[in-house]
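Working notes, beginning with the structure itself.
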Amino acid sequence: MQLINLFIEEDYQITFASTANSSERSEDLSKLGISTENIELNSSSFDVFISKLKPAVVVFDRYITEEQFGWRVSEQCPEALRVLDTEDLHFLRKAREEAVKENIPVTKANLFTETAKRELASILRSDISLIISEHELKLLQETFRIPSETLYYLPFLVNKSSKGL
């Protein structure tokens, strides 16, 4: 929602597309003037949808979404800026989880996994990736040699009203 609010503040017209069905827990985006679209996995109907929409910017909410739809966006809207919101690095989280399960210090967690390959490939395919922590930024630049110009450090955005809580 913080990214959506940033785009609203910058006067972007937003279309929220998702493969998930809305539920009682879903935010009512129409109240914010945002149109929503249901999209299907592995369907050429997405190609028709995105080519009609012709977005200037497409934000993928995680690497799995970019894997599924990024190539279709590239084909149908080659001029669109493709942004990957990593939120956090999934491969790092999984590696730390495995280290804890195996009673290994998290500093020695195995980062060179299939999940890492997939997520790093997604980062490399994207025009820019939003990175939430300085540690992750440093890890991507130093260990995996991801070009710094394709990474944007964007920590959690805290509402002024929630400071001090």
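Side chains included, hydrogens not; waters and symmetry mates left out as well; all remaining heavy atoms used.
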Applying side chain to side chain contact (heavy atoms under 4.5 Å, CB included), run through Asp85 and Glu66 and close with a yes or a no.
CA-CA 10 Å; Asp85 181 16; Glu66 188 283 330; over 6 Å; no
Does either side chain, that of Ser74 or that of Arg82, offer a donor lying less than 3.5 Å from an acceptor on the other one?
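Indeed, the side chains of Ser74 and Arg82 share at least one donor-acceptor pair under 3.5 Å.
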Looking only at heavy atoms, what is the nearest atom pair of [X] and [Y], with distance?
X	Y	result
Pro105	Ala99	O-CB, 4.1 Å
Glu119	Asp88	OE2-O, 3.8 Å
Gln68	Asn42	OE1-OD1, 2.9 Å
Ser126	Ser129	CB-OG, 4.1 Å
Val73	Ala80	CG1-CB, 4.4 Å
Phe49	Thr15	CZ-CG2, 4.2 Å

Starting at [atom1] of [X], measure out to [atom2] of [Y] and round the result to the nearest 0.5 Å.
X	Y	atom1	atom2	value
Phe60	Glu67	CZ	CD	11.5 Å
Glu98	Arg93	CD	CZ	13.0 Å
Ile34	Tyr12	CD1	OH	14.0 Å
Ser22	Asp28	OG	CG	9.0 Å
His90	Ile64	NE2	CD1	6.5 Å
Thr150	Gln141	OG1	CD	8.5 Å

Is the shortest heavy-atom distance from the side chain of [X] to the side chain of [Y] under 4.5 Å?
X	Y	result
Val106	Val100	yes
Asp127	Val83	no
Thr86	Arg62	no
Asn110	Ile104	no
Ser133	Pro155	no
Ile123	Tyr63	no
Leu3	Leu154	yes
Leu151	Ile146	yes

Under a 3.5 Å distance rule, please check whether [X] uses its side chain to pair with a backbone N or O of [Y] as donor and acceptor.
X	Y	result
Ser122	Arg118	no
Glu136	Ile131	no
Ser43	Glu40	no
Lys138	His135	no

Check against side chain to side chain contact (heavy atoms under 4.5 Å, CB included), Met1 and Leu32
CA-CA 11 Å; Met1 286 304 299; Leu32 300 172; 3.6 Å; yes
Kindly work out whether a path of hydrophobic side-chain contacts (I/L/V/M/F/W/Y, heavy atoms less than 4.5 Å apart) joins [X] to [Y].
X	Y	value
Ile4	Leu81	yes
Leu89	Tyr152	no
Val57	Ile14	yes
Phe91	Leu130	no
Phe16	Leu6	yes

Phe46 and Phe69 aromatic ring geometry - parallel, tilted or perpendicular at 30°/60° bounds
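Judged by the thresholds at 30° and 60°, the geometry between Phe69 and Phe46 is tilted.
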Is the Phe144 ring parallel, tilted or perpendicular to the Phe112 ring (thresholds 30°, 60°)?
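Ring orientation, 0 to 90° scale: tilted.
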Might you work through the side chain to side chain contact (heavy atoms under 4.5 Å, CB included) test for Ile132 and Glu87, ending with a clear yes or no?
CA-CA 6 Å; Ile132 200 163; Glu87 194 64 37; 3.8 Å; yes
Tyr153 OH: over 12 foreign heavy atoms closer than 6.0 Å:
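Enclosed.
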Neighbour count above 12 (heavy atom, 6.0 Å) for Glu79 CD:
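Open: at most 12 neighbouring heavy atoms sit under 6.0 Å from CD of Glu79.
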Under the side chain to side chain contact (heavy atoms under 4.5 Å, CB included) criterion, do Thr65 and Leu84 qualify, and how do the steps go?
CA-CA 9 Å; Thr65 308; Leu84 176 61; over 6 Å; no
Looking at Glu114 and Lys117, is there a salt bridge between them, counting it only when a charged N and a carboxylate O are closer than 4.0 Å?
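Looking at Lys117 and Glu114, the cut-off is met.
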CA sep, side-chain torsions, deciding dist, call: Glu97, Lys101, salt bridge (charged side-chain N to carboxylate O under 4.0 Å, His left out):
CA-CA 6 Å; Glu97 181 182 332; Lys101 284 180 184 176; 3.3 Å; yes
